[in-house]
Number of protein chains: 2
Amino acid sequence: MLPEKTIERLSQYRRLLLANKQKGKENIFSHEIAVQLHLTSVQVRRDIMLIGYSGTQRKGYNIDLLIEKISSILDDEKGLNSIIIGMGNLGKAISTYFYGKRNKIDIVAAFDIDIKKTGRLISGVWCYHTSDLETIIKEKQISLAILALAPEAAQDITDRIIFAGVKGILNFTSVPLNVLPNVYLENYDMVTSIEKVAYFVKENHLQNR
Amino acid sequence: MLPEKTIERLSQYRRLLLANKQKGKENIFSHEIAVQLHLTSVQVRRDIMLIGYSGTQRKGYNIDLLIEKISSILDDEKGLNSIIIGMGNLGKAISTYFYGKRNKIDIVAAFDIDIKKTGRLISGVWCYHTSDLETIIKEKQISLAILALAPEAAQDITDRIIFAGVKGILNFTSVPLNVLPNVYLENYDMVTSIEKVAYFVKENHLQNR
DNA sequence: ATAAAGTTGTTAAAATATTAACATTGTTTA
DNA sequence: TAAACAATGTTAATATTTTAACAACTTTAT
Ligand SMILES: NC(=O)c1ccc[n+]([C@@H]2O[C@H](COP(=O)([O-])OP(=O)(O)OC[C@H]3O[C@@H](n4cnc5c(N)ncnc54)[C@H](O)[C@@H]3O)[C@@H](O)[C@H]2O)c1
Ligand SMILES: NC(=O)c1ccc[n+]([C@@H]2O[C@H](COP(=O)([O-])OP(=O)(O)OC[C@H]3O[C@@H](n4cnc5c(N)ncnc54)[C@H](O)[C@@H]3O)[C@@H](O)[C@H]2O)c1
């Protein structure tokens with residue numbers, strides 16, 4: 001299995017490659033990728049080595065083929081269905097953002113407990129009541145869930161979706177979730193992010209004295 | 001300077017400690033913190049050692065004092081002013097979320113280029129037109145910016161805010177930004193996050209065969 | 001033809017982060 | 001009073017991630 005950090009970068013390589021392809025470019029050197037993403041060319045080459053793709057010395061990497069190779073690693077062939085739970089400000093922002101983007105990861109349903117939000121389309125995604133959670137997860141073969149709901153309900157809902165078959169969670173609530181060992185959990189904590197930036201801003205000030 | 005990962009955890013320890021204080025708890029053991037955050041007690045103790053705080057063998061750590069110690073490290077005494085640039089769906093979600101939370105990191109202004117959004121309060125924060133960017137940054141001594149604007153404008157705006165004095169950036173656009181070496185840049189890429197979860201979900205499936 | 005330049009692929013080293021080991025210390029209990 | 005226990009604090013070992021070094025190859029220039 002590939003290192004976590006390599007996976008993250010592969011996602012970024014692919015986006016960059018698609019942008020370069022758009023501009024009509026056919027081949028790209030490791031140092032070009034590196035400059036555009038602010039990495040080192042060594043790291044780029046090493047990652048590409050790890051996934052078993054090869055370029056040529058004179059032309060670098062063929063953009064189409066590299067995109068294809070990365071996609072064969074990141075994407076599930078048959079696609080992967082996901083849901084958003086919690087259609088508040090953040091949930092809506094996310095579903096609006098993803099709506100219409102063609103992608104192997106489809107957001108096929110949303111859930112909320114607030115009946116003012118349920119039973120209708122919200123930014124292109126049907127919003128169900130959480131009471132339908134288990135039914136829909138099984139029906140639509142959901143394997144990934146994005147949590148953007150009120151923190152109080154996060155663990156409860158997590159237990160339910162895992163029991164219903166969800167295998168990966170992207171958690172935006174600040175709640176440290178308990179999940180079964182075979183469920184992949186990725187947390188993003190915005191407050192921590194900001195506090196970290198603030199800390200390094202402060203430290204930098206100290207350094208410059 | 002403390003390791004980046006330790007800083008992230010300190011932010012989480014503090015939140016947890018505040019929650020426990022709320023519940024009337026006065027002391028806490030490293031293993032209690034560990035269980036609640038899904039870490040190991042060793043890691044907790046090591047982090048606390050690194051910041052130079054000590055507990056007692058029988059009672060563990062004094063919650064109030066530890067909060068104070070962590071705060072002395074994370075927070076800037078005189079506070080730190082920040083802005084959000086781009087009051088679209090995500091920007092609004094963020095400012096709504098932070099509004100009213102008493103915090104050493106204050107979001108004191110927002111910016112957008114769309115005149116339908118500027119010149120008024122949006123979720124408690126005044127939204128200026130980007131043409132006022134430099135003026136307000138200097139006037140309000142802004143050192144931290146949250147970028148939630150359209151990707152096309154991200155680098156341009158970044159150059160401007162850095163020139164005006166911003167020292168830390170939390171970047172939600174997927175654009176790999178160019179910043180001066182004395183500016184701390186933290187990127188969060190939601191697409192990468194989701195693709196990573198999807199990858200590990202897929203791999204787990206393979207393992208289980 | 002041969003050398004020079006420039007690039008990839010890969011192994012080795014260094015840096016960073018986590019985990020384990022254990023000495024130390026205060027408290028309880030026999 | 002001393003042994004057992006349960007916790008912290010710290011050093012050492014391990015694991016992961018990044019960076020450096022360099023061999024191998026291809027094209028171009030001399
Ligand atoms: N918006 C941000 O910038 C931000 C930052 C950090 C953390 N968060 C976290 O992300 C989550 C969402 O944030 P938000 O700003 O969108 O909050 P929000 O209050 O706007 O939305 C929360 C939504 O969750 C729904 N909900 C509540 N209980 C539910 C349940 N049991 N099942 C399904 N839905 C339920 C509510 O009806 C509401 O629509 C929260 O946990 C918040 O703490 C948000
Ligand atoms: N919403 C998400 O879930 C999500 C996920 C991944 C990435 N992002 C990125 O985050 C950013 C914001 O996303 P969003 O969903 O809020 O988009 P959005 O389109 O709703 O909002 C973008 C806002 O930026 C403003 N803007 C454009 N040019 C500007 C400029 N020069 N100065 C100031 N403001 C300007 C627009 O007027 C708009 O209000 C985008 O770059 C997007 O790619 C968002």
Side-chain angles (χ1 to χ4, degrees), chain A residues 1-13 17 20 25-63 65-66 69-70 73 176 181 184-187 192 196 199-200 203, chain B residues 1-13 17 20 25-63 65-66 69-70 73 176 181 184-187 192 196 199-200 203:
Chain A
M1 194 175 307
L2 294 162
E4 191 176 320
K5 294 295 162 120
T6 295
I7 294 299
E8 290 180 15
R9 284 189 296 268
L10 286 177
S11 161
Q12 283 153 22
Y13 297 157
L17 292 167
N20 279 271
K25 218 163 150 52
E26 287 184 8
N27 297 285
I28 195 165
F29 293 120
S30 63
H31 64 258
E32 293 179 292
I33 298 177
V35 164
Q36 294 185 50
L37 291 177
H38 304 122
L39 304 168
T40 66
S41 64
V42 188
Q43 194 160 53
V44 173
R45 286 202 300 279
R46 206 176 189 291
D47 286 334
I48 294 177
M49 182 197 80
L50 289 176
I51 64 173
Y53 183 75
S54 286
T56 59
Q57 276 94 352
R58 211 55 199 168
K59 292 183 168 179
Y61 303 99
N62 177 289
I63 291 182
L65 293 178
L66 184 49
K69 183 72 188 182
I70 292 176
I73 287 167
Y184 188 86
L185 172 63
E186 170 86 3
N187 296 298
T192 292
K196 186 170 137 192
Y199 170 79
F200 284 107
E203 286 305 299
Chain B
M1 193 176 306
L2 295 163
E4 190 176 321
K5 295 294 162 113
T6 295
I7 294 300
E8 290 180 14
R9 284 189 296 267
L10 287 177
S11 161
Q12 283 155 21
Y13 296 158
L17 292 168
N20 279 272
K25 216 162 152 55
E26 286 183 7
N27 297 285
I28 195 165
F29 294 121
S30 63
H31 64 258
E32 293 178 292
I33 299 178
V35 164
Q36 294 185 51
L37 291 177
H38 305 123
L39 302 169
T40 66
S41 65
V42 189
Q43 192 160 55
V44 173
R45 287 202 301 279
R46 204 175 191 291
D47 286 333
I48 294 177
M49 183 197 80
L50 289 175
I51 65 174
Y53 183 75
S54 286
T56 60
Q57 276 94 352
R58 210 54 197 168
K59 293 183 169 180
Y61 304 99
N62 177 289
I63 291 182
L65 294 177
L66 184 49
K69 182 72 188 181
I70 292 176
I73 287 167
Y184 188 85
L185 172 65
E186 170 87 1
N187 296 298
T192 291
K196 186 171 137 190
Y199 170 79
F200 285 106
E203 286 305 300

**Student:** Classify the nucleic acid contact of A:T56 as base, sugar-phosphate or nothing, counting any heavy atom under 4.0 Å across all strands shown.
**Tutor:**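 Sugar-phosphate, no base atom in range.
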**Student:** Look at the aromatic rings of A:Y184 and B:F200 and report parallel, tilted or perpendicular, splitting at 30° and 60°.
**Tutor:**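 Judged by the thresholds at 30° and 60°, the geometry between A:Y184 and B:F200 is parallel.
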**Student:** What integer distance in Å separates B:Q43:CD from C:dT16:C1'?
**Tutor:**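 Going from B:Q43 (CD) to C:dT16 (C1'), I get 13 Å.
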**Student:** In whole angstrom, give the distance that lies between atom CD1 of B:I51 and atom C1' of D:dT10.
**Tutor:**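 Going from B:I51 (CD1) to D:dT10 (C1'), I get 16 Å.
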**Student:** Can you check the A:N27 CG to D:dT27 C1' distance for me, whole Å?
**Tutor:**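 Roughly 15 Å, once rounded to whole Å.
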**Student:** Whole-Å distance between D:dT10 P and B:Y53 OH?
**Tutor:**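 In whole Å, D:dT10 P lies 14 Å from B:Y53 OH.
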**Student:** Taking for each residue the nucleotide of DNA chain D bearing the nearest heavy atom, is the 5' side occupied by A:Q57 or by A:R45?
**Tutor:**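 By nearest-heavy-atom nucleotide position, the 5'-most residue is A:R45.
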**Student:** To the nearest Å, how far apart are A:M49 CE and C:dA12 P?
**Tutor:**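 About 12 Å, once rounded to whole Å.
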**Student:** Which of the following nucleotides, C:dT8, D:dA21, D:dA7, is nearest to the side chain of A:V42?
**Tutor:**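 Out of C:dT8, D:dA21, D:dA7, the nucleotide with an atom closest to A:V42's side chain is D:dA21.
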**Student:** Which comes earlier along DNA chain D counting from the 5' end, the contact point of A:R58 or that of A:E4, where each point is its nearest nucleotide?
**Tutor:**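 Upstream on the strand: A:E4.
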**Student:** Would you indicate, yes or no, if C:dT8 has its OP1 or OP2 atom less than 4.0 angstrom from a side-chain nitrogen or oxygen of A:S54?
**Tutor:**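 Answer is no, no contact under 4.0 Å.
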**Student:** Under a 4.5 Å cut-off applied to non-hydrogen side-chain atoms, are A:E8 and B:Y199 in contact?
**Tutor:**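 Sidechains of B:Y199 and A:E8: no contact.
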**Student:** Could you tell me the separation between the CG atom of B:L50 and the P atom of C:dT18, rounded to a whole number of Å?
**Tutor:**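 Between P of C:dT18 and CG of B:L50: 11 Å.
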**Student:** Could you report the tightest heavy-atom contact between A:K59 and A:N27, atom names first, then the distance?
**Tutor:**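 Where A:K59 meets A:N27 most closely, the heavy atoms are O-CB, 3.2 Å.
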**Student:** Looking at every strand, decide which applies to B:S41 at a 4.0 Å heavy-atom threshold: base, sugar-phosphate, or nothing.
**Tutor:**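 Since no nucleic acid heavy atom lies under 4.0 Å of B:S41, the category is nothing.
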**Student:** Taking 4.0 Å as the cut-off, does a side-chain nitrogen or oxygen of B:R46 come that near to OP1 or OP2 on D:dT8?
**Tutor:**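 B:R46 to D:dT8 OP1/OP2: no side-chain N or O under 4.0 Å.
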**Student:** Using atom CG of A:L2 as one end and atom P of D:dT16 as the other, report the distance to the nearest whole Å.
**Tutor:**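 Distance check: A:L2 CG to D:dT16 P gives 14 Å.
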**Student:** Could you check whether any side-chain heavy atom of A:K69 comes within less than 4.5 Å of a side-chain heavy atom of A:L65, counting everything from C-beta outward?
**Tutor:**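 The answer is no, as the side chains (C-beta and beyond) never meet within the 4.5 Å cut-off.
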**Student:** Using the side-chain hydrogen bond (donor to acceptor under 3.5 Å, both in side chains) rule, take A:Q36 and A:N20 through it: C-alpha gap first, then chi angles, then the decisive distance, then the call.
**Tutor:** CA-CA 10 Å; A:Q36 294 185 50; A:N20 279 271; 3.2 Å; yes
**Student:** Without decimals, in angstroms, what is the distance between A:I48 CD1 and D:dT18 P?
**Tutor:**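 Distance, rounded to whole Å: 15 Å.
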